[in-house]
Structures are given as C-alpha cells and as structure tokens.
Amino acid sequence: MEELQREIAAEAEFTDRLSFDPATVTQSTESLTSTDSTQSTLTSAENPAPTANQESPIIAGVDQAFVDDTAISAIVALRDGDIIERTHAVTELSVPYIPGLLSFREGEAIVEAFATLDCEPDLACFDGSGRIHYRQAGLATHMGVVFDIPAIGIAKSLLCGEPWESVENRPEGWRTPIEATGRVDCPAGTIIGYAYQSRQYESGSRHINPLYVSPGHRVSAETTVDLVAALGGGYKLPEPTRLADSYADEVKSDR
DNA sequence: GCGACAG
DNA sequence: ATCTTGTCGC
C-alpha cells in the first residue's frame, strides 16, 4: 500500500491546472442569509490564467459516514452555491482505520459513489488530507489522481508536518503554512498545506481550532487555502463539505 | 523501545 | 469516525 501511495504521489500535480478561475469562486447562496460582514476577497493577480471555460464551476463535497462495517459515501455537487446533484453509495468495509492509509479504507465507497454521479465536478473537496501525508498521498490526492480531477483535502486535525506559527486561538481568516518535516517524503521545509482559521468566536474563553487544508491533485497549496476561504459558508467547514456531511448522516438515518 | 497518528 | 444531554457563550 505504501508503495502504491508513492506512485500516486509521483502522478499527483501540486500546481494549478483547473478548468476555472479560482478568483471567481464565491459563496453566492450564503451572501443573502449570512449575518457576518466579513467576505474573503481573492486577488486575481496572484492566480495564473485559467483554462478556457465560461460556465461556473461545479464543486463537489465528499464525505463518509459509517454503520458497523459499512461505509456510506455521499457526494453533493454545487454550482453557484446551488445543489445540482446528490448521490451516495454504500459498501462493506474491509480495511481498518490506520493513520496514513485512510484512502484504502474509504476509497472504495468513494469510487462507487462517483460512479453514480452524472455531472463532472471541476473540483472535489474531500474530508481528510491531501499532500499533508507521510508519502504525500492522502485521501484527496489518491482520489484526485484516480479520477484525474482537481481535488483538495480538508482535515480537522493535523496528520503530519509543522505549522510555521502556533495555531492557538487565531482570528477568523488567519492562515499559516504547514511545512514538511522529516516524516514527510519530500524536502524538509516544503509547504505541503495550510492551517486555516475558517471561523472564530469574536471574544470569550472558547475558541475554534483551525482546519488543515492541503492540495489533493492539480491544485497548489496557496490556491487550496484560497478556495477553502472562498467556499466559506459561515461555519467551520466549507459549504460543500457540510452538505455532504449532513447528507451522509441523512442516508445513515434512513436505514 | 517510545511517541505520533486524517477519519 | 461513532456513542450522546446538557450546557456554556454568543
């Protein structure tokens, strides 16, 4: 499995090769109902010329839920903030959870779910790491390479690598690079992702931990964090991920 | 041997 | 990930 991950990492592209301009991504649905006034703005100057494409990109959120030894993979596809398709698949789990080998446990269900998806996402958001992985082949990278679509990983905790600064109690919108340490299969110091404070309480003794985002495939670390910031939604997790998360729970409940 | 460790 | 009520704070 580890060797396969090295091969996948070799095929992965950690530079932008998207079918759309990341700078045009915004959370249009939220802008009408959101109560906060902070809106993330992307500077188009730092983004490379996008491949020709007039339509708004289709962004898919992917997340799994579990019941005993079965996995439910749910996909919610959005365009301009509107849900255009939802689908899911249920498979039997054969691999236990082992840090570093998550894609082998959840990958099968995800592949099945994608097989039933009619639209073709311009970007897929996975729950877990991408390049922030010992062999630079986390779930988002593995799936991104398998489908050859731009993919990003969004994790709630850090698998490996080291933040440039302390992530303690940071303000909303804050970000800091995650660099590779000796445990990662790439030159030490390589920026493999970012810690991103997607949400934070304005004051008080309670705080929210940041998200750890990383490139999966065909996206750079910088664009990955810019995209997560743009996908917003007003909650800790970006909207596509939240919708996929609740849809997976919904499917789970209906059984 | 000991510690670290996505979901 | 999952098992789950109340509870603290905005």
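In what follows, every chain begins at residue 1, and chains take the letters A, B, ... in the order their sequences are listed.
With hydrogens and angles disregarded, a donor-acceptor distance shorter than 3.5 Å links the side chain of A:D122 to the backbone of A:I58.
Here the closest non-hydrogen pair linking A:T141 and A:R131 is OG1-N, 3.5 Å. For A:P215 against A:V219, the heavy-atom pair with the smallest separation is CB-O, 3.1 Å.
Across all strands shown, A:I154 has no heavy atoms under 4.0 Å from either base or sugar-phosphate atoms. Base contact: A:G100 has a heavy atom under 4.0 Å from a base atom. Within the nucleic acid shown, A:S157 comes within 4.0 Å of sugar-phosphate atoms alone, with no base atom in reach, counting heavy atoms only.
Scanning residues 135-142 of chain A for heavy-atom distances under 4.0 Å to DNA chain B yields A:G138, A:L139. Applying a 4.0 Å cut-off to non-hydrogen atoms, the residues of residues 62-77 of chain A that approach DNA chain C are A:A65, A:F66, listed by residue number.
Between the side chains of A:Q197 and A:R170, no donor N or O sits under 3.5 Å from an acceptor N or O.
Within the model, atoms CZ of A:R218 and OG1 of A:T15 stand 10.0 Å from one another, a figure rounded to the nearest 0.5 Å. We find the CD-CD1 distance between A:E162 and A:I178 to be 9.0 Å, quoted to the nearest 0.5 Å. With rounding to the nearest 0.5 Å, the separation of SG in A:C119 from CG in A:L78 is 9.5 Å.
The environment of A:E250 atom CD is dense: over 12 non-hydrogen atoms of other residues, nucleotides or ligands sit within 6.0 angstrom. Environment of CD in A:E202: sparse, with no more than 12 heavy atoms of neighbouring residues, nucleotides or ligands closer than 6.0 Å.
With sequence neighbours excluded, the residues satisfying ring pair (Phe, Tyr, Trp, His ring centres under 6.0 Å) with A:H142 are A:F104. Residues satisfying the side chain to side chain contact (heavy atoms under 4.5 Å, CB included) test with A:I98, not counting sequence neighbours, are A:P96, A:L101. Scanning for side chain to side chain donor-acceptor pair (under 3.5 Å) contacts around A:T241 gives an empty result, with sequence neighbours left out. Taking the side chain to side chain donor-acceptor pair (under 3.5 Å) definition, one finds that A:E13 meets it with A:R17, sequence neighbours left out.
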Review point. Could you write out DNA chain B as a dot-bracket string, with dots for unpaired bases, | for bases paired across to another strand, and Watson-Crick or G-U pairs counted at under 3.5 Å?
Key: .......
Review point. Starting at the 5' end of DNA chain C, what dot-bracket string do you get if Watson-Crick and G-U pairs under 3.5 Å are bracketed, crossing pairs use [ ], other-strand pairs use | and unpaired bases use dots?
Key: ..........
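In this structure, A:N209 and A:V167 have side chains that are not in contact, with every pair of non-hydrogen atoms separated by 4.5 Å or more.
Because its NZ or CZ atom is not both nearer than 6.0 Å to the ring centre of A:Y97 and within 45° of the ring axis, A:R105 does not count as a cation-pi partner of that residue. Relative to the ring axis of A:Y201, A:R206 does not place its NZ or CZ within 45° and under 6.0 Å from the centre.
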Study note, to complete from the structure: Protein-proximity profile, nucleotides 5-10 of chain C, B/S/- by nucleotide at the 4.0 Å heavy-atom cutoff, equals ---B-S
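When the side-chain nitrogen and oxygen atoms of A:K156 are compared with OP1 and OP2 of C:dA1, one or more of them lie within a distance under 4.0 Å.
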Would you be so kind as to tabulate the donor-acceptor pairs closer than 3.5 Å made by side chains of residues 64-73 of chain A, with sequence neighbours excluded?
residue	atom	partner	partner atom	Å
A:Q64	OE1	A:S73	OG	3.0
A:Q64	NE2	A:E106	OE1	3.0
A:Q64	NE2	A:D127	OD1	3.2
A:T70	OG1	A:V67	O	2.9

Donor-acceptor list for residues 188-195 of chain A side chains, cut-off 3.5 Å, not counting sequence neighbours:
residue	atom	partner	partner atom	Å
A:T190	OG1	A:P187	O	2.6
A:Y194	OH	A:E222	OE2	3.2

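You can see that DNA chain B meets the heavy atoms of chain A within a 4.0 Å-exclusive cut from B:dA4 to B:dG7, reading 5' to 3'.
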